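Contents: one structure, followed by commentary.
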There are 2 protein chains.
Amino acid sequence: MANDNKVWNQNDAIPSLVQSKRQIERYGLDVDAQAILVATRLLAAGTRLGHASEVHFARFGLSTGRYRVLVELEDSEGEALPSQLAENLGVTRATMTGLIDTLERDGLVSRRTSAQDGRQRSVILTEEGARRLQAMAPEHFARLEAMVGLLSIEERGVFLDLLGRVTQGISALTDETIEPNKPAGESKKKQHRSKG
Amino acid sequence: MANDNKVWNQNDAIPSLVQSKRQIERYGLDVDAQAILVATRLLAAGTRLGHASEVHFARFGLSTGRYRVLVELEDSEGEALPSQLAENLGVTRATMTGLIDTLERDGLVSRRTSAQDGRQRSVILTEEGARRLQAMAPEHFARLEAMVGLLSIEERGVFLDLLGRVTQGISALTDETIEPNKPAGESKKKQHRSKG
DNA sequence: ACAAATTAGTTAGGTGCCATACTATATTCA
DNA sequence: TGAATATAGTATGGCACCTAACTAATTTGT
């Protein structure tokens, strides 16, 4: 039995400043190595976050997406349209169909054809779905709290601010063209809190 | 032609403090809403980061993983073993096989059977693979730099520090049991969460 | 009224990554 | 020496999410 199951050895895959500098020098580019380091670490963290999230929700028989559907339903008095859910969760309607399929198979939601509009099939949170949410809540939130437990209260506030701006910056990766994203001028950071 | 393809509307799917509080109150839990907000925003950011990264590398005919393989090869003088690559990138050997398959199909790497050990098939960065890396470097690094462009130099340092600790905290999601991660320095945090 | 356009949801097919189980080649040691 | 074991790499099948194309129902325009 070669038990070589690797359970995410978090020591590897953390990019170093040396690596960033080496890459930049190799091609003689004019970019800031520190900025590249931050960006690269961020991407690595994103990968790990996504993976960890799936592992976490799998404990409760869910995936990240399916959990979010259940929560969204709970916040909508137990009923919502697939298109609403897709919109609120930021996934496509096709993806939402798949999420609902699995949730329905597991008995956590059910579908009902609308009387008003024959195209609509609203999604309903079942008793068991609500129970599942309730059952997982203590552990779920305790783990979330533990995740940021290495930050003090004040640091959490700072991190929220910085993360917010970095999150805005993600679009620099997906935009058609590169727009230089200046650091809020010479003054201080502010505004940009679009919604809450 | 209902062109309702959504190209990641970054306004949605950002969790609010109100949502966090509501969820916590619903189940009468004893957790800090601010901490939950940070954790939730972080997970959302992770999802977006992963997605954006794939979009970004797709521009160059690569994926996140395949790009990392090429870079790792470049850092290893153009040759490495699949198991080494898997180890360094933090993916399974099975995943590495798939990554190499695609890279080989695209002519960016080639495989060569080892003379020493018949089980080994080392991976070699081809000329075209090196050219691809060189060609994409300017835009790639410019976009990475732009991603963190909303942060000042000092803020980047702070963010690196906080991100490092939060990244450590990710294991709180994947660990078997919950261990209450306290900020360095504080010896007691009066945390009465005896989940079993 | 009725064809054209829009909308809701689904199906089909693709990518990225993973875990499990397998093949083939060393290595160990009784 | 030869059976048991470990190791390198791969095949298989799964999940999450995507885009594009499709079906069915509703609205719109003349």
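This is a predicted model, so every value here is computed, not measured. Residue numbers start from 1 in every chain, and the chains themselves are labelled A, B, ... in the order their sequence lines are given, proteins ahead of strands.
- Note on A:A94: a base of the nucleic acid sits closer than 4.0 angstrom, heavy atoms only.
- Rounded to whole Å, atom P of C:dT15 lies 14 Å from atom CG of B:L62.
- For the pair B:L49 CG and C:dC17 C1', the computed distance is 17 Å after rounding to whole Å.
- No path of Ile, Leu, Val, Met, Phe, Trp and Tyr side chains, each step under 4.5 Å between heavy atoms, connects B:V55 with B:L49, placing them in separate hydrophobic clusters.
- There is a side-chain donor-acceptor pair under 3.5 Å between B:T64 and B:S53.
- If you measure from atom CZ of A:R121 to atom C1' of C:dA8, you get 11 Å, rounded to the nearest angstrom.
- For the pairing with A:T40, the side-chain contact (heavy atoms from CB on, under 4.5 Å) check across A:L37, A:I36, A:L43 returns one residue only, A:I36.
- For B:R119 and D:dA8, the CZ to P distance is 6 Å, given to the nearest whole Å.
- Contact annotation for A:S63: backbone-only contact, meaning every heavy-atom pair under 4.0 Å involves sugar-phosphate atoms and none involves a base.
- OP1 or OP2 of D:dA16 lies within a sub-4.0 Å distance of a side-chain N or O belonging to A:R66.
- Side chains of A:L125 and A:E79 form no contact here, defined as non-hydrogen atoms less than 4.5 Å apart.
- Helical stems of DNA chain D (runs of at least 3 Watson-Crick or G-U pairs, donor-acceptor distances under 3.5 Å) are listed by first residue: C:1-30 with D:1-30.
- Only A:L99, listed by number, bring a heavy atom of residues 96-113 of chain A to less than 4.0 angstrom from any atom of DNA chain D.
- When the nearest nucleotides of DNA chain D are assigned to B:S122 and A:E54 by heavy-atom distance, the more 5′-ward of the two goes with B:S122.
- Using modelled atom types, one finds no donor on one side chain facing an acceptor on the other under 3.5 Å when comparing B:S171 with B:T174.
- Going from atom CD of A:Q84 over to atom C1' of C:dG9 covers 14 Å, rounded to whole Å.
- A ring-centre distance under 6.0 Å is not found for B:Y27 and A:F141.
- Side chains of B:E154 and B:S152: a donor-acceptor N/O pair is present below 3.5 angstrom, by distance only.
- Atom P of nucleotide D:dA20 and atom CZ of A:R93 are separated by 13 Å, given to the nearest angstrom.
- Counting heavy atoms from C-beta outward, A:R121 and A:R112 have side chains that stay 4.5 Å or more apart.
- Look at B:S83 and you'll find a side-chain N or O under 4.0 angstrom from OP1 or OP2 of D:dG9.
- Side chains of B:L89 and B:E72 form a contact here, defined as non-hydrogen atoms less than 4.5 Å apart.
- Distance A:L89 CG to D:dA16 C1': 13 Å, rounded to the nearest Å.
- For B:T95, the side-chain atoms get nearest to C:dC18 when compared with the rest of C:dC18, D:dA16, D:dT19.
- Taking atom CD on A:Q120 and atom C1' on C:dG9, their separation rounds to 10 Å, with Å as the unit.
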